[in-house]
Structures are given as C-alpha cells and as structure tokens.
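Reviewing the structure listed below.
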Amino acid sequence: MRAADAVGLWLGALRGHRSRSLMLLLAVGIGVIAVSLLTGLGEGARTYILGEFSVLGRNTVIVLPGRKETSGGMPPITGLAPRDLTLQDAAAIARLPSVLRVAPLQAGQVEVNVGSRNREAFTLGTSHDFFAIRQLEVSQGQVLPLLDFGEAQAVCVIGAKLRSELFGTQPALGHWLRAGDRRFRVVGILAERGESLGMDFGEMLIIPVASAQALFNREGLFRIFAEMRGPGLLESGKQQIRATIRERHEGEEDITLIGQDSMLAAFADILRALTLALAGIAAISLMVAGILIMNVTWISVNQRTAEIGLLKAIGATAAQVRLLFLGEAALLALAGAVSGLLLGEVLLWAGRQLWDFPLHAPWWAKASALGLSLVTALLFAWLPASRAAAMEPVDALRPQAGR
C-alpha cells in the first residue's frame, strides 16, 4: 500500500462518517482551546505582574514603617514598630554610599477644587527624585523642583485625567488649585500612564512632601523609595539601610524592606499554583477527548468489519490495517488541534481588545497542545486499531456473508 493510498482511505473514511468526524473535531478542538485560553490567562497574569513591578526598577528598595515577620506557621505573627519613618530618616538613607536617589512619600485623600469644580483626589507628597525612580514623565511643564525634604512650596504636578476634570478645556499650567485648605500652582501635567501598583497616576495630585505633611497634619511617612547605584549594591544597600534605621531608632530594626525580587518571589508560589491548576484542567479536557476518540474508534472497527476482512483478503498486513485506524485518529486530532489553536488565538485577541490584558498563549503551550493531541489520539486509538489488525479475514467477512 502506497502512502497516497493510505491518505485516500483516511480521507474517505472521514468523509463517509461526517457526523462522527465533526464530533471528534469538536472534542479535540475544545480541549486545545482550553489549553490555549488557560495558558494564555496564566501567561497574561505573569506578564502583567512582571510589567507592574518592572516600573520600580531592579535596583529600587521600598522602606515601610513597621517590621513584619512570620514564624510558627499560620497565621503570621505581625509586629509593628512604635516609631514612624521621618524625613530625617529619609535624609540619612540618602547619604548612604550605595544609594543613588531617595524619595519619601506621604499620601492621603483630599478634596481638590478649581472654581466650582471639585473632586476627591489621591494626593502624594514626595520629592523631585520620585519621578525618576517611578519612571514618570510630564507631557507639559516640569516635575517638582529639587528641594530639601523639609522645604515646602506651593507647587504641584497633576495627572491628565484630573487636569481634564478640574480645568476642562482651559489651560492648567501656571494656574492655581485648592487642595484642602491650601493653594498650589500647577507646574506640570503627567503623561498618560494608567494604573501602576494600585496607583492611578491620571487622577493623582503630587506635591512636595513637606507641603503634604502640613496639608495632612501628619509627620510620619507612608514609605520611602530608595534607588541603589547598581544591582551589585542591592544587598549591601539593604544592610546599610537597616543599620542606619537601627541606629536612629535606638537599636530597633522596625522597618520592612521590599524589593522587586522579594515581591516577585511572593507571587511565585501563586503563579506556580495557578499554572499547575490550569495545566491540570487543560490535560483533563484532552483526556476526555482521547476517551471519546477511543470509543468512536471502537464503534468504527465494529461497523467496518467487512472492510477490514476485504482488506485482509486482498493482502493487507496487520500493520497496514492498524495504520489505517491510527492514521484516521491522528488526522482528526491534528485537524481539531489546529482548529482549536486558531479559534483560541481569535478569542485571546478579542480578550486583549476588550480588557487590555496581555493574554498570550506561549509557544510551548501551543506546541504541547499539538503534541498532546496527537499522542492522546494515538494512545487511545491503539487498542481498537490493534483489535482490527488482529481480525482474520474469514471471521471479519462472516457477518457480511450471513446477510
């Protein structure tokens, strides 16, 4: 039997049983779509988290007041330090040899108004270096001026959405707005950025940190951003920060340091569990498709005993008969897998357009889906195909002769 003859018999069998073939195509396609969508979701979550943390830079450390430590199993035991972080602490960190930039942060909600227009805005008190650390740019004007941490000035930078809501079509640069009981002059408009680490910069008001302390009547800092001079100085920089704060806080190490590496490590277990769960669901889908292929192949063998007997009578070998049924299963699996991958890509594309989320099925998932579909089809079709190959021509043709 030539290869062309085998392919012709495969296609002929599939055309002769269109309903059965479409059912198998649908089963395999659904399994592959599940692989594509679920791995695309997992990869999208990983890409999104990496993108969110990448804005911090690999050399950035966040200093939070209070020390959090876990011991003795669940639930965690959390201890909070009695002291707040202060501007003096931030200045001491800025003087460390490993530190390139420091940005203290004070934060809170405040009512902002221009004329008759007013709204609640998230207000961030920080310094000139915060814009470089968080990779923020202005579309108009300039960032906050370079000031000492304790120096207050009535200037601000606002997000694009806040500018539109407060000033409408009127120019904002150089004009004044009122935040709480204080007035600030707009010196810059942030470029479009969207949300990052839970902050929507489009709706944000950014003022000098000393002005924020006066506005909120609060001295303790929300946190401190510290950028190291290089990745090689990250660990030594953390040790220097701990030692500096311990010395300033009477021997108490009452801070928590968070870097990009520690944040990604915190999400690693979640992402790993998510990936395993999604892979398990996808594998079950393909397993169900494989069982359906086996059942349909059994039915096909029972319905085509006369054809098998005729093939054996004219000289087909057991291997050739087995190949006919395995080839049909493999052809169906590949056609269903390709159709499922194409439809999965269409659905992922639609998801990206609707939700602006990085839904992308990785290449290894697509290759695995194709390979698993083929292997599953061959494994589950092997037993009924072997039964067909073991039939004797006389036994296979006897039902036909009896009729």
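- Between A172 and I189, the shortest heavy-atom distance links the atoms CB-CD1, 4.0 Å.
- Here the side chain of S164 pairs no donor or acceptor atom with the backbone of K161 at under 3.5 angstrom.
- Inspection of the Q240 and S98 side chains reveals an N or O donor paired with an N or O acceptor under 3.5 Å.
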Inset, instruction - Show your reasoning for whether side chain to side chain contact (heavy atoms under 4.5 Å, CB included) applies to L215 and V110. - result: CA-CA 9 Å; L215 178 64; V110 70; 4.3 Å; yes

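- Applying salt bridge (charged side-chain N to carboxylate O under 4.0 Å, His left out) to D89 and the options R95, R248, R223 leaves one that passes, R248.
- A donor-acceptor contact shorter than 3.5 Å is absent between the side chain of R185 and the backbone of L173.
- Rounded to the nearest 0.5 angstrom, E253 CD and T244 OG1 are separated by 11.0 Å.
- The shortest side-chain heavy-atom distance between V32 and S373 falls under the 4.5 Å cut-off.
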Just distance, no hydrogens or angles: give the donor-acceptor pairs under 3.5 Å from side chains in residues 336-347, sequence neighbours left out.
unit_1 : atom_1 : unit_2 : atom_2 : d
S339   : OG     : A335   : O      : 2.9
E345   : OE2    : K366   : NZ     : 3.3

Inset, instruction - For N113 and R117, run side chain to side chain contact (heavy atoms under 4.5 Å, CB included): C-alpha distance rounded to whole Å, both residues' side-chain angles, the deciding distance at 0.1 Å, then the answer. - result: CA-CA 5 Å; N113 62 78; R117 300 184 179 186; over 6 Å; no

Legend entry - Intermediate values then yes/no, side chain to side chain contact (heavy atoms under 4.5 Å, CB included), I158 and L205: CA-CA 5 Å; I158 61 176; L205 170 68; 3.5 Å; yes

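- R229 contributes a side-chain N or O that, together with a main-chain N or O of P97, makes up a donor-acceptor pair within less than 3.5 Å.
- Within the model, atoms CG of L233 and CD of E227 stand 11.5 Å from one another, a figure rounded to the nearest 0.5 Å.
- The CG atom of L105 sits 4.5 Å away from atom OG1 of T126, with the distance rounded to the nearest 0.5 Å.
- Annotation: side chain to side chain contact (heavy atoms under 4.5 Å, CB included) contacts of L166 (sequence neighbours excluded): V112, V114, R119, L162, L177.
- The aromatic rings of F130 and F225 stand perpendicular to each other, their planes meeting at an angle above 60°, with 30° marking the opposite boundary.
- To the nearest 0.5 angstrom, E219 atom CD is 13.0 Å from L85 atom CG.
- One distance of note links CZ of F201 with CZ of F122; it measures 9.0 Å at 0.5 Å rounding.
- Residues forming a side chain to side chain contact (heavy atoms under 4.5 Å, CB included) with E120 (at least two apart in sequence, or on another chain): Q109, E111.
- Considering CG of L37 and OG1 of T39, their distance stands at 8.0 Å, rounded to 0.5 Å.
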